[in-house]
Amino acid sequence: MSFDTIVRMLKTQVDFKESEIVHTFHSTTKTPILSVIYHFDTETFLLTYNDTQQTEKFTNINELAGIIERYLNKQPLEVKS
C-alpha cells in the first residue's frame with residue numbers, strides 16, 4: 001500500500017470525525033495485525049499492534065502514515081475499513 005493511499009485513509013478519519021472509523025489491516029491469512037482509530041476530542045490517532053496490543057499515539061498524519069507504510073512493506077497485507 002502506498003504512502004499516499006495511507007495518508008488519504010487517515011485524512012478520511014479526520015474528515016468524518018463525528019463517526020467512528022476504524023481501519024484494520026489484515027495479513028494474507030485474514031489475521032488483523034494493525035488498527036488505527038482517530039479520537040476527535042484529542043485530535044489523536046491511536047495505532048494498535050494487534051499481536052502485542054501495544055498502542056501508540058500520533059498527531060501527525062505523515063509520521064503515522066510512514067510508520068504504517070514501513071510496517072506493511074514487511075509482509076503482504078490487505079486492508080478493511
Side-chain angles (χ1 to χ4, degrees):
M1 181 175 293
S2 75
F3 177 83
D4 291 338
T5 299
I6 297 167
V7 167
R8 194 168 39 254
M9 291 170 63
L10 297 173
K11 285 183 178 181
T12 298
Q13 289 180 291
V14 174
D15 292 342
F16 293 94
K17 60 186 167 213
E18 296 84 14
S19 301
E20 182 177 339
I21 300 172
V22 179
H23 285 103
T24 303
F25 300 87
H26 292 78
S27 70
T28 55
T29 62
K30 309 293 184 205
T31 304
I33 58 170
L34 287 177
S35 62
V36 179
I37 60 173
Y38 180 72
H39 287 277
F40 73 92
D41 54 336
T42 60
E43 298 181 347
T44 303
F45 290 94
L46 297 179
L47 171 66
T48 301
Y49 299 89
N50 293 5
D51 59 344
T52 63
Q53 291 302 303
Q54 176 186 355
T55 300
E56 297 178 354
K57 296 179 181 182
F58 295 90
T59 56
N60 184 293
I61 288 178
N62 289 334
E63 179 185 5
L64 175 56
I67 288 170
I68 293 170
E69 180 187 37
R70 285 189 295 279
Y71 194 85
L72 297 181
N73 283 336
K74 293 180 183 180
Q75 56 185 315
L77 304 173
E78 295 179 2
V79 64
K80 284 188 157 186
S81 296

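This is a predicted model, so every value here is computed, not measured.
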Output every pair passing side-chain hydrogen bond (donor to acceptor under 3.5 Å, both in side chains) with a member in residues 57-69, not counting sequence neighbours, ordered by first then second residue. none
If the condition is side chain to side chain contact (heavy atoms under 4.5 Å, CB included), which residues does Gln53 pass it with, not counting sequence neighbours? Thr48, Asn50
Qualifying residue, where the test is side chain to side chain contact (heavy atoms under 4.5 Å, CB included) with Phe58 and the options are Ile68, Leu47, Thr44: Leu47
If you draw a 6.0 Å radius around CD in Glu56, do more than 12 non-hydrogen atoms from other residues or ligands fall strictly inside? yes
With sequence neighbours left out, what residues match Asp51 under side chain to side chain contact (heavy atoms under 4.5 Å, CB included)? Tyr49, Tyr71
Applying side-chain hydrogen bond (donor to acceptor under 3.5 Å, both in side chains), name anything that partners Thr31, two or more places apart in sequence or on another chain. Thr29
Donor-acceptor contacts, no H, no angles, side chain residues 6-13, under 3.5 Å, sequence neighbours left out:
from  : atom 1 : to    : atom 2 : distance (Å)
Arg8  : NH2    : Thr5  : OG1    : 3.4
Thr12 : OG1    : Arg8  : O      : 3.0
Gln13 : OE1    : His23 : ND1    : 3.4
Gln13 : NE2    : Ile21 : O      : 2.8
Gln13 : NE2    : Val36 : O      : 3.0

Heavy atoms only: give me the nearest His26-Lys30 pair and the separation to one decimal. CD2-O, 3.3 Å
Can you name the nearest heavy-atom pair linking Gly66 to Phe3, along with the distance? N-CE1, 3.6 Å
Under a 4.5 Å cut-off applied to non-hydrogen side-chain atoms, are Glu43 and Tyr38 in contact? yes
Mind checking ring-ring contact (aromatic ring centres under 6.0 Å, His included) for Phe40 and listing every partner two or more places apart, or none if nothing turns up? none
